[in-house]
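If you're wondering where the values come from, they're calculated on a predicted model, not measured in any experiment. In what follows, chains carry the letters A, B, and so on, assigned in the order in which the sequence lines appear, proteins first and then strands, with residues in each chain numbered from 1.
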Protein chains: 2
Amino acid sequence: MDASNLPEDALATPVPRRREVVPEATVARLPIYLRALHGLADEGQTTVSSEALAEAAGVNSAKLRKDLSHLGSYGTRGVGYDVDHLIAQISRELGLSRRCSVVLVGVGNLGRALAGYGGFASRGLAIDALLDADRSRVGEQIAGLTVRHMDDLPDVVTGVSIGVIATPADAAQEVCDRLVSAGVTSILNFAPTVLSVPSHVDLRKVDLSIELQILSFHEHRKAARAEGALA
Amino acid sequence: MDASNLPEDALATPVPRRREVVPEATVARLPIYLRALHGLADEGQTTVSSEALAEAAGVNSAKLRKDLSHLGSYGTRGVGYDVDHLIAQISRELGLSRRCSVVLVGVGNLGRALAGYGGFASRGLAIDALLDADRSRVGEQIAGLTVRHMDDLPDVVTGVSIGVIATPADAAQEVCDRLVSAGVTSILNFAPTVLSVPSHVDLRKVDLSIELQILSFHEHRKAARAEGALA
DNA sequence: CTGACTTTGTGCGCGCGTTCACAAGCGCGT
DNA sequence: ACGCGCTTGTGAACGCGCGCACAAAGTCAG
Ligand SMILES: NC(=O)c1ccc[n+]([C@@H]2O[C@H](COP(=O)([O-])OP(=O)(O)OC[C@H]3O[C@@H](n4cnc5c(N)ncnc54)[C@H](O)[C@@H]3O)[C@@H](O)[C@H]2O)c1
Ligand SMILES: NC(=O)c1ccc[n+]([C@@H]2O[C@H](COP(=O)([O-])OP(=O)(O)OC[C@H]3O[C@@H](n4cnc5c(N)ncnc54)[C@H](O)[C@@H]3O)[C@@H](O)[C@H]2O)c1
């Protein structure tokens, strides 16, 4: 990609020190740090050391420091990090300061649970619209939102950036395509299917069956190892 | 590691070829291959090339071949892999042949959706018990199962190996500890908390807020890049 | 002001995972 | 029987991410 070298740019960008790129692995941990920090803030802590925060987040302290260093030098040596300031910086980095809207497609068993979940709003994320293809569900009120028909999608997604797919697997690709056509550039997929999207669209998936199968594998291996130990 | 030269090992291990260890990254993809293979089998395909299967699974074909090579040489050069045979091998490796039972704790919004989900059973996994601490929910019938009280846990988990936590975050660690005490050695956690478990217990987590925050980050970066492009 | 202590930020080596590229192997047509 | 084309299995190179360990940098006591 255009990860071109930054040739020192003698023309000096006015901004002193721009964050180069934040590694994916770091991005995936920032929300964990954020949650831990909120917990500390609620306890009244004003500063926290990398050691303590790492403990709360369940990671190595060196990793934590390296992660945070990618967003800038916000710590004070000998003291630690200012909790509120760090919350602000991570929130900004994650784009949570400007409220991010979400559209959920498929109001079935799972969709209902997600729509009613309050855990998103507390983090600057909120589900703004519910869509379904089943006309018998359209008009239904769930968690203060009215279910709208799939055909309304173009009207709904103005300014919306994240789409969540909670439809059956065989409808997922079609729904995905329609989301993309409507301008959605980030998608979270719960349907057990491989989706294909244009390169400018970010796609993540959550597959509960896969998680259980991975655990099943480890159980299987533990059992095999135990038998092997008998021999 | 000991990726030392393999000096032809004149001492020839008696066992022809034992699967050494299957890398974690490979294990995480096996369920995807399995799903793709089931789809192919339903279409009547009897054999499949690594190229075609990789396409269906959304991965690089070399990666697929290397993954499969960790379970043995089950392909035929010039032809590909036998679909049914490969399904059997992967299922065996994942431990899905011997049916794996699951206990779900916390029958709230999310727990209900999970309990009613039929996508597990088709893969040799089935939820065998539902538990909750709320006595007003005990006795309730969900998807053919009766909700039992948390205190029955020791009776319920005989032979059960996988526990799923779908309780509020502040109860998760306690529930986790009780599962471990009862002998559960694999846990899937949906609560947004860092859990600690003994080293012999496998722990995985699914956190929807984190997924959305990661997408939010990428949206934020896209927006920043777009602005940068204007300058 | 100085010195000791605390904690950050990071250079470095290492191991894992991904990918390319190709030789070895197998079936099929002739 | 024999080579031709297709596909697997893997050697090797590369890049990323992790974690140790330490120097730099700041605080605080006296
Ligand atoms: N329920 C769970 O706990 C669970 C667990 C893991 C995975 N999943 C997956 O999540 C998805 C949803 O599961 P569910 O249990 O909620 O299913 P569901 O059948 O209860 O709900 C699906 C919803 O999608 C709607 N829908 C169908 N086609 C549509 C389309 N083309 N456009 C818009 N909406 C459409 C349906 O009307 C329905 O309301 C499935 O892919 C399932 O495999 C669910
Ligand atoms: N609902 C969602 O879509 C969603 C999304 C993401 C994450 N989550 C997380 O999943 C978890 C469950 O969410 P929910 O919406 O189903 O919550 P919920 O409040 O609807 O259900 C929680 C259930 O757990 C039970 N419970 C409470 N304490 C318990 C204990 N000590 N032992 C056993 N059971 C106990 C409660 O009685 C209740 O039935 C929460 O941690 C939530 O943050 C939910």
Side-chain angles (χ1 to χ4, degrees), chain A residues 1-5 16-30 32-33 37 40 45-83 85-86 89-90 214, chain B residues 1-9 16-30 32-33 37 40 45-83 85-86 89-90 214:
Chain A
M1 209 168 290
D2 62 336
S4 53
N5 44 10
R17 198 68 176 81
R18 223 41 193 153
R19 50 188 165 291
E20 329 284 333
V21 285
V22 182
E24 263 313 295
T26 295
V27 174
R29 283 186 294 267
L30 290 180
I32 304 176
Y33 303 152
L37 285 166
L40 292 170
Q45 298 275 348
T46 59
T47 63
V48 64
S49 70
S50 65
E51 198 69 45
L53 183 54
E55 163 78 19
V59 301
N60 181 295
S61 67
K63 197 193 312 198
L64 171 79
R65 288 197 296 274
K66 191 161 287 186
D67 282 342
L68 295 184
S69 76
H70 287 122
L71 350 171
S73 280
Y74 298 125
T76 307
R77 298 179 189 224
V79 176
Y81 300 89
D82 181 88
V83 173
H85 188 238
L86 203 49
Q89 292 303 326
I90 294 178
I214 293 172
Chain B
M1 208 170 291
D2 62 339
S4 53
N5 44 12
L6 323 178
E8 291 314 303
D9 203 323
R17 204 67 177 87
R18 219 50 189 146
R19 49 185 164 293
E20 326 287 331
V21 287
V22 183
E24 262 315 294
T26 294
V27 174
R29 283 186 294 266
L30 289 180
I32 304 177
Y33 303 152
L37 285 166
L40 292 170
Q45 300 274 349
T46 59
T47 63
V48 63
S49 70
S50 64
E51 198 69 47
L53 184 54
E55 162 79 18
V59 302
N60 183 296
S61 68
K63 197 191 313 197
L64 172 80
R65 288 197 296 277
K66 188 157 285 189
D67 283 342
L68 295 184
S69 75
H70 286 121
L71 347 173
S73 279
Y74 298 126
T76 307
R77 298 176 190 229
V79 177
Y81 301 88
D82 181 89
V83 173
H85 188 238
L86 204 48
Q89 292 304 326
I90 294 179
I214 293 172

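- Toward the 5′ end of DNA chain D lies the nearest nucleotide of A:E24, the other residue of the pair A:E24 and A:G78 mapping further downstream.
- Remark: C1' of D:dC16 and NE2 of A:H70 are 11 Å apart, rounded to the nearest angstrom.
- B:S50 has a side-chain polar atom (N or O) that falls below the 4.0 Å cut-off from OP1 or OP2 of D:dT8.
- No donor-acceptor contact under 3.5 Å links the side chain of A:K66 to the base of C:dG9.
- Closest approach to the A:V79 side chain among C:dT8, D:dT10, D:dT27 is made by D:dT27 (side chain taken as heavy atoms from C-beta onward).
- Rounded to whole Å, atom P of D:dT8 lies 11 Å from atom CG of B:L86.
- For the pair B:L68 CG and D:dG9 C1', the computed distance is 11 Å after rounding to whole Å.
- Atom CG of B:L64 is separated from atom C1' of C:dT18 by 13 Å (rounded to the nearest Å).
- Considering only the side chain of B:A62, D:dT10 comes nearest among D:dT10, D:dT8, D:dA21.
- With rounding to the nearest 0.5 angstrom, the CG atom of A:L37 is 11.5 Å from the CD atom of A:Q89.
- Of the candidate nucleotides C:dG25, C:dA21, D:dG19, C:dG25 has the atom lying nearest to any side-chain atom of B:R77.
- For the pair B:V59/B:D67, no side-chain contact is recorded, criterion being any heavy-atom separation below 4.5 Å from C-beta on.
- Residue A:Y81 places at least one side-chain N or O under 4.0 Å from the OP1 or OP2 atom of C:dG9.
- When all heavy atoms are compared, the tightest approach of B:L53 to B:Y33 is CD1-O, 4.3 Å.
- Put simply, B:N60 has a side-chain N or O that comes within less than 4.0 Å of OP1 or OP2 on C:dC20.
- Between the P atom of C:dC14 and the NZ atom of A:K63 lies a distance of 19 Å, rounded to the nearest Å.
- The number of heavy-atom neighbours closer than 6.0 Å to CD of B:E55, taken from other residues, nucleotides and ligands shown, is 12 or below.
- Phosphate proximity of D:dG11 to B:R65: absent, as no side-chain N or O sits under 4.0 Å from OP1 or OP2.
- If you check every strand for non-hydrogen atoms under 4.0 Å, B:S73 touches sugar and phosphate atoms only.
- Taking atom CZ of B:R29 as the reference point, atom C1' of C:dG17 lies 8 Å away to the nearest angstrom.
- Side-chain N/O atoms of B:T76 include none lying less than 4.0 angstrom from OP1 or OP2 on C:dC26.
- The shortest heavy-atom contact between B:S61 and B:A54 is CA-CB, 3.5 Å.
- When the P atom of D:dG19 is taken as reference, atom CG of A:D67 falls 10 Å away, rounded to whole Å.
- B:A25 comes within contact range of the sugar-phosphate backbone alone, with a heavy-atom separation under 4.0 Å but no base atom that close.
- The distance from atom CG of B:D82 to atom P of D:dT8 is 13 Å, rounded to the nearest whole Å.
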